[in-house]
Amino acid sequence: MMICCLQTLLLLGAQLVVSLAAPTVPNNFFYHDYLNGHGNNEIHFSGVKLHVDSAQPSVFAVRGGNATMPCRFWYEPELSSPRGVRVRVKWSWVPAAGGHETDVLVAIGSRSRSFGAFRGRVQLRQDFPGDATLVMTHLLLNDTGRYRCEVVDGLEDRSTSVYLELRGVVFPYQHPGGHYHLSFMGAQQACEEQDSTLATFTQLFQSWKEGMNWCNAGWLADGTVQYPITRPRVPCGGHGLAPGVRSYGRRHSLHLHRYDVFCFSSSLRGKVYYLQPPHKMNLTEAQQACQEDGAEVAKVGQLYAAWKLKGLDHCDAGWLADGSVRYPITKPRRNCGPSEPGVHSFGFPPPQHKHGVYCYKSSSSVGSEV
Ligand SMILES: *[C@@H]1O[C@H](CO)[C@@H](O)[C@H](O)[C@H]1NC(C)=O
Ligand SMILES: *[C@@H]1O[C@H](CO)[C@@H](O)[C@H](O)[C@H]1NC(C)=O
Ligand SMILES: *[C@@H]1O[C@H](CO)[C@@H](O)[C@H](O)[C@H]1NC(C)=O
């Protein structure tokens with residue numbers, strides 16, 4: 001230990017000298033409290049440095065699940081006794097969708113308080129001295145973003161960040177009325193109605209890396225309008241342009257400009273399945289058929305989540321809650337549409353047309369399936 005050598009420094013100008021350990025212990029050390037210019041009683045470490053870091057710069061989780069965001073703090077030179085209530089830990093959040101940093105949780109010693117939408121869903125782990133890890137439960141689709149762990153002890157103030165990403169699926173969505181019908185607000189609402197949320201740029205970029213190729217521009221959570229191209233072609237800007245996520249930039253009039261949208265969905269607490277009808281059904285009959293089966297017509301976000309996260313594969317087109325007709329293919333084969341996996345769409349046929357239906361049964365009615 002080098003702590004013995006600090007004593008001379010620590011004693012400089014001391015008004016009040018407190019020994020944290022018995023003076024007979026060889027590695028004891030001293031700090032001093034002093035009244036600063038504003039009359040606040042601050043604790044000032046002379047030469048003792050506070051450090052904060054995280055074992056993981058990013059954490060992946062799923063909707064409804066838990067996330068553990070590591071953060072620990074320590075002192076150099078090492079302290080011989082815990083600082084307890086003198087340490088304040090604050091977690092805050094900058095949404096991936098953009099916006100201001102908001103408070104998540106503040107803790108002093110073993111007491112903590114959580115805020116807003118995080119109330120009752122977050123706590124500090126405190127498994128060992130200096131453990132400021134945040135444990136979050138019941139994750140929501142819009143919990144993604146940068147979480148900042150800030151530790152304050154006297155004049156020392158250090159922080160680190162952990163990025164929370166959800167595993168899920170991005171899907172393009174258009175209004176039943178046709179392409180380019182959605183204002184930004186309309187886009188937000190359309191995603192929510194399909195059990196999803198506006199996709200972030202990071203989520204769209206990840207989908208593009210996984211091969212997403214879509215020629216219609218859609219809103220993202222940050223108010224920009226973009227589209228992902230993996231195979232440049234003539235109606236999509238031509239062969240001359242490189243593959244990439246192309247941006248129309250931020251649209252300043254969120255009301256006037258109209259586009260499609262990219263939505264994001266993550267794991268389901270229930271199950272999506274194709275209901276085998278004795279005969280094909282119009283939209284009204286399809287709704288009744290799901291109800292009679294103790295379910296409801298599946299939403300578009302639910303069908304995408306089942307396709308991407310559970311490998312749902314079914315060659316029959318079925319009604320969905322928004323009045324569209326689609327089918328999910330994970331293993332492309334003859335007579336099952338395009339040669340790539342995907343949720344294939346027949347658009348929004350007239351409601352009297354006859355099809356099968358995809359139903360969604362929530363987990364309360366299907367046991368413990370996640
Ligand atoms: C999340 O954490 C809570 C409480 O710590 C626990 O009861 C629950 O089983 C966890 N859920 C998952 C999906 O791991
Ligand atoms: C996140 O989504 C929940 C419901 O899914 C909603 O109540 C909450 O307001 C949303 N939070 C933000 C910051 O948009
Ligand atoms: C569907 O068919 C039923 C008769 O089985 C009819 O009453 C209903 O109006 C039809 N709905 C639509 C949307 O065509």
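All values below come from the heavy atoms of this structure, side chains included, with hydrogens, waters and symmetry mates left out. Every number for a ligand or one of its atoms is a count from 1 in the order of the listing.
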> Does NE2 belonging to His138 count more than 12 external heavy atoms closer than 6.0 Å?
Replying inline: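 Count not over threshold, so no.
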> Can you tell which part of Met281 has a heavy atom less than 4.0 Å from ligand 3: side chain, backbone, both or neither?
Replying inline: neither
> Counting heavy atoms only, which part of Asn282 comes closer than 4.0 Å to ligand 3: side chain, backbone, both or neither?
Replying inline: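 Side chain only; the backbone of Asn282 stays clear of ligand 3.
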> Is any NZ, NE, NH1 or NH2 atom of the basic residue among Asp53 and Arg72 found under 4.0 Å from an Asp or Glu carboxylate oxygen of the other?
Replying inline: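 Result for this pair is yes, salt bridge flagged.
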> His355 vs Trp319 aromatic rings, parallel, tilted or perpendicular, using cut-offs 30° and 60°?
Replying inline: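 Perpendicular.
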> Hey, what else clusters with Phe128 if you join Ile, Leu, Val, Met, Phe, Trp, Tyr whenever side-chain heavy atoms sit under 4.5 Å?
Replying inline: none
> Shortest non-hydrogen contact from Ala132 to Val89?
Replying inline: CB-CG1, 3.9 Å
> According to the side-chain hydrogen bond (donor to acceptor under 3.5 Å, both in side chains) rule, which pairs have a member within residues 112-123, sequence neighbours left out?
Replying inline: Arg121-Asp143
> Mind checking what makes salt bridge (Lys or Arg N to Asp or Glu O under 4.0 Å) contact with Asp313, not counting sequence neighbours?
Replying inline: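 For Asp313, the residues satisfying salt bridge (Lys or Arg N to Asp or Glu O under 4.0 Å) (neighbours in sequence not counted) are Arg333.
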Mind listing the N or O contacts between ligand 2 and protein, cut-off under 3.5 Å?
{"residue": "ligand 2", "atom": "2 (O)", "partner": "Asn142", "partner atom": "OD1", "Å": "3.3"}
{"residue": "ligand 2", "atom": "2 (O)", "partner": "Asn142", "partner atom": "ND2", "Å": "2.4"}
{"residue": "ligand 2", "atom": "11 (N)", "partner": "Asn142", "partner atom": "ND2", "Å": "2.9"}
{"residue": "ligand 2", "atom": "14 (O)", "partner": "Asn142", "partner atom": "ND2", "Å": "3.4"}

